[in-house]
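The structure appears below as structure tokens.
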Amino acid sequence: MEATTHPAELAVDLRNITKSFDGSAVPALAGIDLAVPYRQRLVLLGLSGSGKSTTLRLLNRLHDPSTGDLTVLGTDPLAMRGRQLRQFRQRVAFVFQHFNLVGRLSAIENVLAGGLGTLRGPRSGLLMYPNRMRLAALEQLDRVGLADYAFQRAGTLSGGQQQRVGIARALFQQPELLLADEPVASLDPESSRQVLDILQQVSEEDGLTVICSLHQVEVAIDWADRIVGLRGGQIVFDRDAGDVQPDDVALIYRAEESKAHTPEAPE
Ligand SMILES: Nc1ncnc2c1ncn2[C@@H]1O[C@H](COP(=O)(O)OP(=O)(O)O)[C@@H](O)[C@H]1O
Ligand SMILES: [Mg+2]
């Protein structure tokens with residue numbers, strides 16, 4: 001059935017997006033159409049090189065598409081410059097596979113860094129932040145179960161704890177859209193489950209739209225509302241998580257056979 005959602009109700013609307021990187025013969029994205037309603041929890045599922053990161057990076061304008069239109073949170077990010085773009089990026093938070101924390105700074109200082117776009121002037125040290133911001137950062141650390149670790153250096157925390165700081169930093173931005181690029185790929189199964197549970201819980205509490213790349217099928221089916229399968233920069237299936245079939249999943253893998261190079265293992 002055709003989706004008839006009005007664009008104003010969409011958090012993300014990609015229309016026929018292509019992306020070719022300079023010097024690369026094969027396009028990274030080859031005609032992506034993707035409409036994501038607000039409050040949906042969507043997983044991009046695919047092997048390494050299928051275009052998951054490129055898709056996510058278009059959404060906060062870390063990359064520009066080669067062709068096609070994108071609307072994010074009702075705006076056209078491609079038309080933005082300077083302050084407008086910084087404000088837009090406050091509304092779109094990003095959680096990284098390798099956490100991207102500053103290891104020598106405390107957990108709470110890393111969280112506060114998520115709100116830098118809202119402050120003027122350089123900041124160094126906890127006391128430079130207004131008290132209300134410190135309290136708000138502590139509150140986000142509490143939500144991810146790390147209030148007791150607020151003043152510990154991020155580099156000394158476990159991987160799972162570091163990713164929870166990454167989530168707290170993202171939430172501190174009060175985003176409308178949360179992007180997560182393989183957020184559990186560097187974690188053991190137990191930490192992965194904890195991080196995904198937290199992401200699920202906070203996205204529900206805050207009414208967030210979440211787009212997350214994963215490569216474990218079972219985990220994705222468990223976690224998502226909807227799963228979009230990518231292969232070679234194209235969407236090969238797009239279904240409610242509960243309706244994903246083994247044949248769908250096979251499509252993600254089958255495509256690699258037609259390529260000249262050996263398929264890479266998922267990251
Ligand atoms: N900065 C870049 N420069 C050149 N090619 C890139 C760049 N980033 C990604 N690619 C290529 O684009 C394709 C899709 O990559 P990516 O989006 O990172 O896939 P995934 O996240 O699913 O592993 C791959 O062929 C990759 O080599
Ligand atoms: Mg990637």
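Remember, it's 1-based here, ligands and their atoms both numbered in the order they're listed. Treat the numbers as computed from the prediction; the structure is a model and nothing was measured.
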Rounded distance [0.5 Å steps], CG in L178 versus CG in L59: 12.0 Å

Intermediate values then yes/no, side-chain contact (heavy atoms from CB on, under 4.5 Å), L230 and I32: CA-CA 9 Å; L230 284 176; I32 298 286; 3.8 Å; yes

Closest to atom 17 (O) of ligand 1 among V26, L45, T54 (heavy-atom distance): T54

contact_flag S24 ligand 1 heavy-atom lt 4.0 Å: no

Any donor-acceptor N or O pair under 3.5 Å, side chains T18, T67: yes

Donor-acceptor pair, side chain of K52 and main chain of G46, under 3.5 angstrom: yes

Contact atoms of ligand 1, heavy-atom distance to S48 under 4.0 Å: 23 (O)

K52 N/O to ligand 1 N/O under 3.5 Å: yes

Geometric N/O contact F21 with ligand 1, under 3.5 angstrom: no

Between CZ on residue R143 and CD on residue Q140, distance to nearest 0.5 Å: 5.0 Å

Pair R226 + D238, salt bridge at N-O below 4.0 Å: yes

Non-hydrogen atom of G51 closer than 4.0 Å to ligand 1: yes

Per-atom contacts, ligand 1 versus S53 - under 4.0 Å to a heavy atom: 17 (O), 18 (O), 20 (P), 21 (O)

S48 near the Mg ion (ligand 2) via N/O/S, less than 2.8 Å: no

Check: N60 main-chain N/O paired with R89 side-chain donor or acceptor under 3.5 Å: yes

Ligand-side contact atoms (ligand 1) for residue partner L47, heavy atom cut-off under 4.0 Å: 22 (O)

